[in-house]
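The next block holds one structure in the form of structure tokens; read it before the comments.
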Amino acid sequence: MAVRLWVAGWCALTALASSLMGQAVSALALQQRLIDVFEQNKDAVVQVKAAYAGPAVSEDETKEVTLRVGTGFFISREGHVLVSASRAAGSDRVWVEHKGRSYAAEALGHDRLTNISILRTLEPPAEFSIINIDTSLPRPAIGSIAIAIACPLEFGPSPSMGLFTGIDKKIGDKFFPAEYIRTSISVDAGQGGCPILDVEGRLVGMSVASIPDLDGSYCLPVDALSRVRDDLIFSGKVIHGWLG
């Protein structure tokens, strides 16, 4: 009887140890996947800085300059960069910083409704990567892992992880121009405009709005992002559909 109890206990401990080891291996695999996604996409992410000149503040017409900082990412080998319109629209001068170097840029167009702007670097970096916009991807499953790569404050590209938490057409009485994907990732302090990726490293959307009450954010999905990109590149503006 004692032998049978000892064998049963040993089998239980072995099963528990095997289960814990399997969980540890799974956690390490997920960790490595997150590292891989960051390494594959970090060279496409830039910090965006835009200068806005205010009214003259002295008799010699010296103007006070306001600096807005955000995140953007390369989407073409020609140096096109997606950024937030709230960081670039109406600026007197805009540039991007990539691996510690500054690159002058020109604005091709802005869409304040979706909070998207397109910039083109006048002389792109010698080496950089791009993030592809694949419109064939389905919406992410609610509860799946979301990965953002952004430039918070004055830091370089940095990863953060959260979840895809919903797909919404409105918040309160405000209707969105397209379905927005809600995430649990905060995009404050210069992180607005960052790419939101899945665990395969595929672009799911671009962050366009913060949700302070939930410590989360909304991103514009790739299908809508693609339409805005094309309109801004080819005509400099977006004509949204409407119901009369």
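Scope of the values below: all heavy atoms of this structure, side chains included, with no hydrogens, waters or symmetry mates.
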Does the side chain of [X] reach to within under 4.5 Å of the side chain of [Y], using non-hydrogen atoms?
{"X": "S210", "Y": "D188", "result": "yes"}
{"X": "I142", "Y": "I167", "result": "yes"}
{"X": "R77", "Y": "P124", "result": "no"}
{"X": "F73", "Y": "I149", "result": "no"}

- Message: Could you check whether any side-chain N or O of R33 sits under 3.5 Å from a backbone N or O of V199, counting only pairs where one atom can act as donor and the other as acceptor?
- Response: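 Yes; judged by distance alone, with no hydrogens or angles, the pair exists.
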- Message: Can a donor-acceptor pair be found, under 3.5 Å and without considering hydrogens, that links the side chain of N115 to the backbone of A85?
- Response: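 Yes; at least one donor-acceptor contact below 3.5 Å.
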- Message: Salt bridge check, K49 against E97: does any charged N sit closer than 4.0 Å to a carboxylate O?
- Response: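 A salt bridge is present here (some side-chain N lies under 4.0 Å from a carboxylate O).
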- Message: Any carboxylate oxygen within less than 4.0 angstrom of a Lys/Arg side-chain nitrogen, looking at E179 and R139?
- Response: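 R139 and E179: salt-bridged.
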- Query: Going from CD1 on I75 to CG on L225, what distance comes out if it is rounded to the nearest 0.5 angstrom?
  - Reply: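 CG of L225 is found 7.5 Å from CD1 of I75.
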- Task: Heavy atoms only: give me the nearest K99-D43 pair and the separation to one decimal.
- Result: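 So the two residues come closest at CE-OD1, 3.3 Å.
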- Message: Under the ring pair (Phe, Tyr, Trp, His ring centres under 6.0 Å) definition, can you give me all pairs with a residue in residues 187-206, not counting sequence neighbours?
- Response: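 Sorted pair list comes back empty.
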- Using the test side chain to side chain contact (heavy atoms under 4.5 Å, CB included), find all partners of R202 that sit at least two apart in sequence or belong to another chain.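 Here the qualifying residues are L137, D198, E200.
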ILVMFWY cluster, [X] and [Y] together (side-chain gap under 4.5 Å):
{"X": "I147", "Y": "L203", "answer": "yes"}
{"X": "I196", "Y": "I133", "answer": "no"}
{"X": "F155", "Y": "L34", "answer": "no"}
{"X": "I116", "Y": "I181", "answer": "no"}
{"X": "V187", "Y": "Y218", "answer": "no"}

- Query: Quick check: are there more than 12 heavy atoms from other residues, nucleotides or ligands sitting under 6.0 Å from CD of E123?
  - Reply: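 Incorrect, the count does not exceed 12.
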- Message: Connecting only ILVMFWY residues whose side-chain heavy atoms lie within less than 4.5 Å of each other, what is the rest of F74's hydrophobic cluster?
- Response: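 Listed partners: V46, V48, V81, V83, V94, V96, Y103, L119, F128, I130.
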- Message: Check for me whether K169 meets the cation-pi criterion with F176, that is, NZ or CZ under 6.0 Å from the six-membered ring centre and within 45 degrees of the ring axis.
- Response: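 No cation-pi geometry.
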